[in-house]
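Nothing fancy with the numbering, it's 1 onward along the sequence.
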Amino acid sequence: MNPTTLDHRRAALEARFPTWEPTTLSRFLERSAGEFGPRPMVITDERTYTYAEVDEWATQLADGLASIGVRPGDRVGIVMANDPEFVPVKFAVARAGAVGIPFNYLYRRDELAYVLGQSECRVLITMTAFGGLDHLAMLDDIAPGWEAAGRGDALPALHRVVLLPTDGRAREGVLTVEALAGAGRDHPGGADASSVAPDEPGDILYTSGTTGSPKGVIVTHDAVLRTAYASALHRAFQDGRRIVFSLPCYHMFGYVEGLLASMFVGGAIIPRTTFAPDDYLACVERHRADDILAVR
């Protein structure tokens, strides 16, 4: 059979996964790192992160989450664009046994206030700013006193906030993503997702709210991984597929069709924070991309 045909690619993928074995997001990353350790997993213009590096980074962040009190079943909100940190953070939440809630990072104040309250997340990991939006100012307005652990009547469920200083700012006494990883290195082995089953919630993904308030949709670890595998199989991914996209990872398109699907073939994502046709074409050439995700 011609190794370049769609049938051959699908047959090769089916041979690697002859029987579906449900697993969790944490174990899926662990398996992928064991199989594809030195391969690129996340590619940016500045540097490339391998599967082994992302796996280690996610473990440090997960242990850091455990050190600030995150336990299996807790909900952790994520307000992050397609920066490389999103990937280890997303898997770290799963590795801590928690449920990840990636929010739309373009929410304005009232929208962010609604989903933070409705989701009852215990920890929020957020950028400080993006595209003219000031996330720190929004938090100040929504929940004055959010900097102090367990303080703030407006969001009683929210105990801690962790910052990704996208504009260089931080807040005194508030952990950054980098410091959270450092806390994990200081307290290794604290995260334990062994009690989490594949059919338990792994994510809460919010609808756009076009016909009302956004609604949180609970999806299991197994559900998103089955969907990602089906996408890779249907699209006939070859070994090492590289995908460029600016579609946000808080959405199923970027998260499942991009990040998770690429992992089934030891591929890589080339995430962009904004869409520009020239940038997409440059990424294809610069990073030898095979695929792009876009909408009409």
Test log, rule side-chain contact (heavy atoms from CB on, under 4.5 Å), inputs L293 and I243: CA-CA 7 Å; L293 299 182; I243 310 173; 3.8 Å; yes
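- Two rings, from Y114 and Y206, have their centers 6.0 Å or more apart.
- The backbone N or O of R71 sits less than 3.5 Å from a side-chain atom of D74, completing a donor-acceptor pair.
- Contact check for R226 versus H221: no side-chain heavy atoms found under the 4.5 Å cut-off.
- Summarising the geometry of A33 relative to D55, their closest heavy-atom pair is CB-CB, 3.6 Å, with the distance given to 0.1 Å.
- D167 and T128 are linked by a side-chain donor-acceptor pair at a separation below 3.5 angstrom, with hydrogens and angles left out of the test.
- Side-chain contact, S194 with D192: a donor N or O sits under 3.5 Å from an acceptor N or O.
- Q60 is not listed as a side-chain neighbour of D63, based on a closest heavy-atom distance of 4.5 Å or more.
- With hydrogens and angles ignored, the 3.5 Å screen pairs a side-chain donor or acceptor of T207 with a backbone N or O of K215.
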Worked check of side-chain contact (heavy atoms from CB on, under 4.5 Å) between D222 and T23: CA-CA 6 Å; D222 183 58; T23 190; over 6 Å; no
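- Ring-plane geometry between F275 and Y280 is classed as perpendicular, the angle between the planes exceeding 60 degrees on a 0 to 90 degree scale with a lower cut at 30.
- In this structure, S262 contributes its side chain and I269 its backbone to no donor-acceptor pair below 3.5 Å.
- Taking every heavy atom of both residues into account, A261 and A232 meet most closely at O-CB, 3.9 Å.
- Under the 4.5 Å side-chain heavy-atom criterion for ILVMFWY residues, no single connected hydrophobic cluster contains both V244 and L281.
- Note that CD1 of I78 and CG of L124 are 9.0 Å apart. Values are rounded to the nearest 0.5 Å.
- L259 and F237 fall within the same hydrophobic cluster, where Ile, Leu, Val, Met, Phe, Trp and Tyr residues are linked whenever their side-chain heavy atoms come under 4.5 Å apart, directly or through other members.
- The local environment of CD in E200 is crowded, with over 12 non-hydrogen atoms from other residues, nucleotides or ligands closer than 6.0 Å.
- At least one side-chain heavy atom of F253 sits less than 4.5 Å from a side-chain heavy atom of V295.
- In this structure, D140 pairs ionically with R171, as a charged nitrogen and a carboxylate oxygen lie closer than 4.0 Å.
- Taking the side chain as every heavy atom from C-beta outward, R9 and V265 never approach each other to under 4.5 Å.
- A pairwise comparison of heavy atoms in A96 and V70 identifies CB-CG1, 4.2 Å as the closest pair.
- Under the 4.5 Å side-chain criterion, counting only non-hydrogen atoms from C-beta, P102 is in contact with F86.
- Put simply, the side chain of T176 does not reach to within 4.5 Å of the side chain of L164, judged on heavy atoms.
- Atom NZ of K90 and atom CG of D203 lie 3.5 Å apart (nearest 0.5 Å).
- Side chain of N104 to backbone of S208: no donor-acceptor contact under 3.5 angstrom is found.
- When atom types are taken as modelled, the side chain of S231 and the backbone of T227 share no donor-acceptor pair closer than 3.5 angstrom.
- In this structure, T220 OG1 and L25 CG are separated by 9.0 Å, a value rounded to the nearest 0.5 Å.
- By the rule that hydrophobic residues join a cluster once side-chain heavy atoms approach within less than 4.5 Å of another member, V196 and L225 end up as members of separate clusters.
- Of all non-hydrogen atoms in L260 and A228, the two that sit nearest each other are CB-CB, 3.6 Å.
- Considering only heavy atoms from C-beta on, Y229 stays 4.5 Å or farther from H234 through its side chain.
- Ion pairing between E147 and R160 fails under the 4.0 Å rule for side-chain N and carboxylate O.
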ring-ring contact (aromatic ring centres under 6.0 Å, His included) evaluation trace for F130 with Y105: CA-CA 8 Å; F130 179 81; Y105 51 80; 5.0 Å; yes
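- In this structure the side chain of V123 never reaches within 4.5 angstrom of the side chain of V93, judged on heavy atoms.
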Evaluation steps, side-chain contact (heavy atoms from CB on, under 4.5 Å), between I68 and H159: CA-CA 9 Å; I68 62 172; H159 283 252; over 6 Å; no
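- Put simply, CG on L116 and CG on L139 are 7.0 Å apart, with the number rounded to the nearest 0.5 Å.
- In this structure, F264 has its ring center under 6.0 Å from that of F17.
- Expressed to the nearest 0.5 Å, how far CD1 of I142 lies from NE2 of H135 amounts to 9.5 Å.
- Salt bridge present: E35 and R16 bring a charged side-chain N and a carboxylate O closer than 4.0 Å.
- Under the side-chain hydrogen bond (donor to acceptor under 3.5 Å, both in side chains) criterion, R122 pairs with no residue at all, not counting sequence neighbours.
- Under the side-chain hydrogen bond (donor to acceptor under 3.5 Å, both in side chains) criterion, D134 pairs with R169, not counting sequence neighbours.
- No donor-acceptor pair closer than 3.5 Å links the side chain of R185 to the backbone N or O of L180.
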W57 vs F91, ring-ring contact (aromatic ring centres under 6.0 Å, His included): CA-CA, chis, key distance, verdict: CA-CA 9 Å; W57 196 358; F91 280 105; over 10 Å; no
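- Put simply, CE on M41 and OG1 on T48 are 13.0 Å apart, with the number rounded to the nearest 0.5 Å.
- For R108, there are no side-chain hydrogen bond (donor to acceptor under 3.5 Å, both in side chains) partners at least two apart in sequence or on another chain.
- In this structure, the side-chain hydrogen bond (donor to acceptor under 3.5 Å, both in side chains) partners of H287, at least two apart in sequence or on a different chain, are D45.
- Take D141 and apply the salt bridge (charged side-chain N to carboxylate O under 4.0 Å, His left out) test, not counting sequence neighbours, and it matches R109.
- With salt bridges taken as basic N to acidic carboxylate O contacts below 4.0 Å, none links D83 and R272.
- For R242, the salt bridge (charged side-chain N to carboxylate O under 4.0 Å, His left out) test picks out no residue, with sequence neighbours left out.
- L247 approaches A294 most closely through the heavy-atom pair CD1-N, 3.9 Å.
- Open room surrounds CD on E178; 12 or fewer heavy atoms of other groups in view lie less than 6.0 Å from it.
- Of all non-hydrogen atoms in T50 and P38, the two that sit nearest each other are CG2-O, 3.4 Å.
- Ion pairing between R39 and D239 holds under the 4.0 Å rule for side-chain N and carboxylate O.
- A side-chain N or O of T59 and one of R95 form a donor-acceptor pair less than 3.5 Å apart.
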Candidate pair Y51 and M263, rule side-chain contact (heavy atoms from CB on, under 4.5 Å), full reasoning: CA-CA 9 Å; Y51 277 83; M263 294 172 65; 3.9 Å; yes
